[in-house]
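Taking it in order: structure first as structure tokens, then the write-up.
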Amino acid sequence: MCGRFVSATPPAVLADTFRVDEVKLGGGGDGGTGPEPSYNVAPTDDVIAVAVSKDGHRQLGTFRWGLVPSWAKDMSIGNRMINLRADTVKDKPSFRKTLARRRCIIPADGFYEWKDMGKGRKKQPFFIRARSGEPLALAGLWEVWKDREQQDAEWLKSCTIITTEPNALLAPIHDRMPVVLPPSVWDVWLDPANDDVAELEKLLVPSPEDLLELYPVSAEVNSVQNNGAQLVIPLEGHEAEPD
DNA sequence: CCAGACGTTGTT
DNA sequence: GTCTGG
DNA sequence: CCAGACGTTGTT
DNA sequence: GTCTGG
């Protein structure tokens with residue numbers, strides 16, 4: 001799955017990488033500065049995502065991580081809807097509709113997975129990133145939600161990361177992984193006029209092994225209180241292990 | 001028909 | 001909103 | 001995802 | 001053990 005990741009690339013670089021034509025991050029003038037760079041993005045944090053706005057701009061926006069569906073009575077469901085299984089997206093009509101209408105890309109410089117080391121031993125965190133060093137494009141869905149009793153409040157924009165089975169690189173670490181979209185399908189994925197869910201579902205597959213590399217990192221990442229580039233330093237004696 | 005759920009992870 | 005269970 | 005809390009009473 | 005908060 002994907003319960004923690006890194007977002008440290010500056011918005012201006014992301015805007016270029018994802019060919020965004022509008023930056024609306026909030027939290028400051030002129031497009032806003034958005035969430036601070038983080039080496040320990042956790043559920044409920046604000047994250048940067050790429051999505052096409054109602055007026056047709058491919059924009060960089062800020063979304064709360066943890067999908068709050070439109071039917072939710074309160075936003076607490078978002079605390080755990082940080083991932084959505086690709087097969088659930090296919091099966092549940094409400095999520096199919098979201099797949100047809102509200103897709104996004106969540107840029108990540110890499111993500112963490114915890115490997116269960118067996119009874120009595122602590123889980124070992126690993127960092128997974130592109131061998132190229134480029135940001136990964138994680139497949140996501142987004143929603144807007146508003147409390148029924150606070151109709152004059154702002155709409156809450158939230159998002160979730162779609163997961164699938166692990167590829168051969170990830171399988172020894174964990175039984176789920178986020179869907180990583182190759183650049184060749186970014187346009188198709190983000191096109192709001194595209195509602196061909198059968199075609200879109202075909203994109204929700206494990207990424208090729210040779211795209212990624214991984215290595216163990218310090219358990220310092222376990223606590224959301226910890227942050228900084230030191231979190232992605234390989235553990236002593238463990239260089240990156242591509243495939 | 002209405003009421004209630006609707007999601008994820010792990011189970012070394 | 002839409003599906004499932006009773 | 002992991003870490004940390006998790007309950008009650010009465011309270012000027 | 002299970003839920004909430006980050």
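Values in this document were obtained by computation on a predicted structure and should not be read as measured data. To find a chain, count down the sequence lines: A is the first, B the second, and so on, and within it residues start at 1.
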> When you look at A:F18 and A:W186, which way does the ring-ring contact (aromatic ring centres under 6.0 Å, His included) test go after all the steps?
Replying inline: CA-CA 8 Å; A:F18 293 98; A:W186 292 353; 4.5 Å; yes

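Using the Watson-Crick or G-U wobble rule with both distances under 3.5 Å, B:dT8 pairs with nothing in any strand shown. Figure legend. D:dC2 is base-paired to E:dG5; pairs are counted as Watson-Crick or G-U wobble with both atom distances under 3.5 Å.
Phosphate contact (OP1/OP2 of B:dT8, side-chain N/O of A:T160, threshold under 4.0 Å): absent. Under 4.0 angstrom from either OP1 or OP2 of E:dT4 there lies no side-chain N or O belonging to A:N79. Neither OP1 nor OP2 of C:dC3 sits under 4.0 Å from any side-chain N or O of A:K92. Phosphate proximity of B:dT9 to A:R85: present, with a side-chain N or O under 4.0 Å from OP1 or OP2. At least one side-chain nitrogen or oxygen of A:R176 sits closer than 4.0 Å to the OP1 or OP2 atom of B:dT9. The phosphate of D:dC2 has OP1 or OP2 within less than 4.0 Å of a side-chain N or O from A:K123.
Between A:F95 atom CZ and B:dA5 atom P there is a gap of 16 Å when expressed in whole angstrom units. Taking atom CG of A:N222 as the reference point, atom P of D:dG4 lies 10 Å away to the nearest angstrom.
No engagement by A:S70 is indicated, since no non-hydrogen atom pair under 4.0 Å with the nucleic acid exists. Looking at heavy-atom distances under 4.0 Å, A:P43 makes contact with a base. Counting non-hydrogen atoms under 4.0 angstrom, A:L67 reaches nothing in the nucleic acid. Residue-level contact check: A:T88 touches the backbone only, with heavy atoms under 4.0 Å from sugar-phosphate atoms and none from bases. In this structure, A:Y112 reaches neither bases nor backbone, as no heavy-atom distance under 4.0 Å exists between it and the strands shown. As judged by a 4.0 angstrom heavy-atom cut-off over every strand, A:R121 is placed among residues making no nucleic acid contact. Among the atoms of the strands shown, only primed sugar atoms or phosphate atoms (P, OP1, OP2) are found under 4.0 Å from some heavy atom of A:W114.
Remark: A:R58 does not engage A:E22 in a salt bridge, criterion side-chain N to carboxylate O under 4.0 Å. At a threshold of 4.0 Å, the pair A:R102-A:E143 counts as salt-bridged, since one of the basic side-chain nitrogens sits closer than that to a carboxylate oxygen.
Below 30°, between 30° and 60°, or above 60°: for A:Y112 and A:F127 the angle between ring planes is between 30° and 60°, a tilted geometry.
A donor-acceptor pair shorter than 3.5 Å cannot be found between the side chains of A:N40 and A:S38. Looking at A:N222 and A:W114, their side chains do bring a donor and an acceptor atom within 3.5 Å of each other.
Comparing the C1' positions of D:dT9 and B:dA5 gives an interatomic distance of 35 Å, to the nearest angstrom. Using P as the reference atom, B:dC6 and E:dG6 are 25 Å apart when rounded to the nearest Å. Comparing B:dG10 with D:dC2, their C1' atoms sit 13 Å apart, to the nearest whole Å. To the nearest whole angstrom, the two C1' atoms, one in D:dG7 and one in B:dA3, are 31 Å apart.
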